[in-house]
Amino acid sequence: MPEPIIDVAAGLILRPDGQLLLGQRPEGKPWAGWWELPGGKLEPGETVLQALARELQEELGITVTESRRWVCYVHAYPHTTVRLAFCFVTGWTGEPRGLENQRLAWVDPRQAGQVGELLPATLPPLRWLQLPQTYAISAVGSADALPAFLQRLERALAAGLKLVQWREPAWPGGPAASRAGFEATLQRCRQAGARLLVNSLHPHQWWSEADGVHLRAGDAAALQSRPPLPDGHLVGVSAHNQADIVHARALGADFAVLGPVADTPSHPGQTPLGWAGFEAANRDAGLPVFALGGQSLATLAQAQGHGAHGVAGIRGLLA
């Protein structure tokens, strides 16, 4: 008989300055001395957010006032398997205290390892935290439209955009003919400290020149492993259903884009998922998922309320 999976709610407690709270497992517990995200097991009948609020009250003495679900991730330890429902906690009352004799530390998520050994299941969310919450997709169309696009891009980058995808299927002469536009876009992203991914319909050589690749659903389905790329490069995957999400996770993708959630001109004739369909396909995703289709900064909070990491879009983010 396989061991049952233990359901755990884990909280990413983030201060306004971006510092994240970690706790050190006390003596007498498995993995004593290792650092982890606060939280604990779900009790019968509890929702994830109810369990998280209870555990943080018992463990840290704080009352959660604002939280949302993020990524659900299964991790197999040597003697147990846990299903971790990672949640953001951005509002609470009280000052966190170690009520179970555990040490606490506020850390920069990018340098969390400096505090000590981190539990293996704590590493993925620390990596996912580095992903921006908005992901803009190009739709320039031709060289004639490039100057106007670059102006829009520069405005968006100046406003804080940090992740862009070069995707030009309709460029006259084919996707490879958009090379000059790709280079101009890459230059502006580099200057702004943003990352540019290349859609997989473009030449493979471009993937390494930029900051990674965004795989179309069909291209991802044809692969059995993550594309070979330089260290630090990203792999994104387009998904339209739960099976696509499962395959993206199996490939070791850094994130997926799921949609369309709503009707959009870029996906004519495709039945939108709606938020219920988005949540169903995103359940147990094991990686961050952006919502696509009718999304913009105005829908970001709504998308995150349904479990999205953030939003992806063309017109809504580069208009």
Side-chain angles (χ1 to χ4, degrees), residues 12 14-20 70-71 88 90 106-114 123-140 146-168 178-200 202 205-215 226-227 229-237 253-257 287-292 295-301 303-304 308-319:
L12 289 95
L14 287 162
R15 295 192 315 207
D17 63 0
Q19 294 285 294
L20 175 71
W70 183 32
V71 177
F88 283 108
T90 52
W106 291 99
V107 301
D108 181 337
R110 295 165 296 185
Q111 301 171 348
Q114 294 180 2
L123 298 176
L126 294 176
R127 185 173 66 250
W128 300 332
L129 275 177
Q130 311 312 313
L131 282 174
Q133 296 180 350
T134 55
Y135 182 29
I137 304 167
S138 77
V140 184
L146 184 61
F149 166 79
L150 292 175
Q151 289 182 351
R152 296 196 302 273
L153 175 65
E154 287 171 357
R155 288 196 296 269
L157 292 170
L161 179 67
K162 291 299 182 185
L163 188 62
V164 182
Q165 179 190 154
W166 183 254
R167 178 185 178 274
E168 296 298 330
S178 71
R179 173 78 193 189
F182 159 69
E183 291 178 346
T185 299
L186 180 60
Q187 178 190 36
R188 283 156 177 80
C189 287
R190 289 277 191 270
Q191 291 171 344
R195 289 188 282 187
L196 178 67
L197 303 190
V198 181
N199 190 278
S200 56
H202 294 280
Q205 174 192 344
W206 300 10
W207 305 1
S208 297
E209 293 179 31
D211 300 294
V213 61
H214 186 100
L215 298 169
R226 182 183 173 97
L229 290 169
D231 289 345
H233 278 47
L234 296 174
V235 174
V237 172
D254 296 288
F255 66 88
V257 172
L287 77 173
V289 176
F290 290 84
L292 174 72
Q295 304 304 304
S296 67
L297 288 175
T299 65
L300 176 59
Q304 291 178 332
H309 173 78
V311 293
I314 300 171
R315 293 157 191 83
L317 297 177
L318 285 174

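- The main-chain N or O of Gln205 is never found under 3.5 Å from a side-chain atom of Ser208 such that the two would form a donor-acceptor pair.
- Distance check, rounded to the nearest 0.5 Å: OG of Ser200 to CD of Gln165 gives 8.5 Å.
- Note on ring orientation: taking the six-membered ring where Trp is involved, the planes of Tyr135 and Phe290 are tilted (angle from 30° to 60°).
- Residues Asp211 and Leu234 have side chains not in contact (no heavy-atom distance under 4.5 Å, counting atoms from C-beta outward).
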| Run the side chain to side chain contact (heavy atoms under 4.5 Å, CB included) check on Arg15 and Trp106 step by step: do they pass? | CA-CA 9 Å; Arg15 295 192 315 207; Trp106 291 99; 3.2 Å; yes
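- Put simply, the side chain of Ser296 gets close to the backbone of Ala298: a donor and an acceptor are under 3.5 Å apart.
- Summarising the geometry, atom CZ belonging to Arg127 is positioned 13.0 Å from atom CZ belonging to Phe255; distances are rounded to the nearest 0.5 Å.
- In this structure, the separation between CH2 on Trp206 and CG on Leu197 is 14.0 Å, given to the nearest 0.5 Å.
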| said: side chain to side chain contact (heavy atoms under 4.5 Å, CB included) for Leu150 and Thr185? Distances and angles first, verdict last. | reply: CA-CA 7 Å; Leu150 292 175; Thr185 299; 3.9 Å; yes
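- The minimum heavy-atom distance linking Val257 with Ala312 is given by the pair CG1-CB, 4.1 Å.
- Contact annotation: the side chain of Leu14 approaches that of Leu20 to within less than 4.5 Å [non-hydrogen atoms, C-beta and beyond].
- Across every non-hydrogen atom of Gly232 and Arg195, the tightest pair is O-NH1, 4.2 Å.
- The heavy-atom pair separating Pro125 from Leu12 by the smallest distance is CB-CD2, 4.3 Å.
- In terms of modelled atom types and a separation under 3.5 Å, the side chain of Gln130 and the main chain of Leu126 share a donor-acceptor contact.
- Rounding to the nearest 0.5 Å places CZ of Arg190 at 12.5 Å from CG of Leu157.
- Heavy atoms only, all atoms of each residue included: Pro227 and Leu215 are closest at CG-CD1, 4.1 Å.
- Classified by interplanar angle (parallel below 30°, tilted 30° to 60°, perpendicular above 60°), the ring pair Phe149/Trp166 is perpendicular.
- For Asp254 (side chain) and Gly236 (main-chain N/O), no donor-acceptor pair under 3.5 Å exists by modelled atom type.
- The shortest non-hydrogen separation linking Ile137 to Leu318 is O-CD1, 3.8 Å.
- The minimum heavy-atom distance linking Asn199 with Trp207 is given by the pair O-NE1, 4.0 Å.
- Ile314 contributes atom CD1, which lies 7.5 Å from atom CG of Leu292 (distance to the nearest 0.5 angstrom).
- Scanning for side-chain hydrogen bond (donor to acceptor under 3.5 Å, both in side chains) contacts around Trp70 gives His309, with sequence neighbours left out.
- Looking at residues two or more places apart in sequence or on another chain, you find a side-chain hydrogen bond (donor to acceptor under 3.5 Å, both in side chains) between Arg110 and Asp108.
- Leu153 CG to Cys189 SG: the interatomic distance, rounded to the nearest 0.5 Å, is 5.5 Å.
- Side chains of Phe88 and Gln304 form no contact here, defined as non-hydrogen atoms less than 4.5 Å apart.
- Note on residues 148-163: pairs passing salt bridge (charged side-chain N to carboxylate O under 4.0 Å, His left out), not counting sequence neighbours, are Glu154-Arg188.
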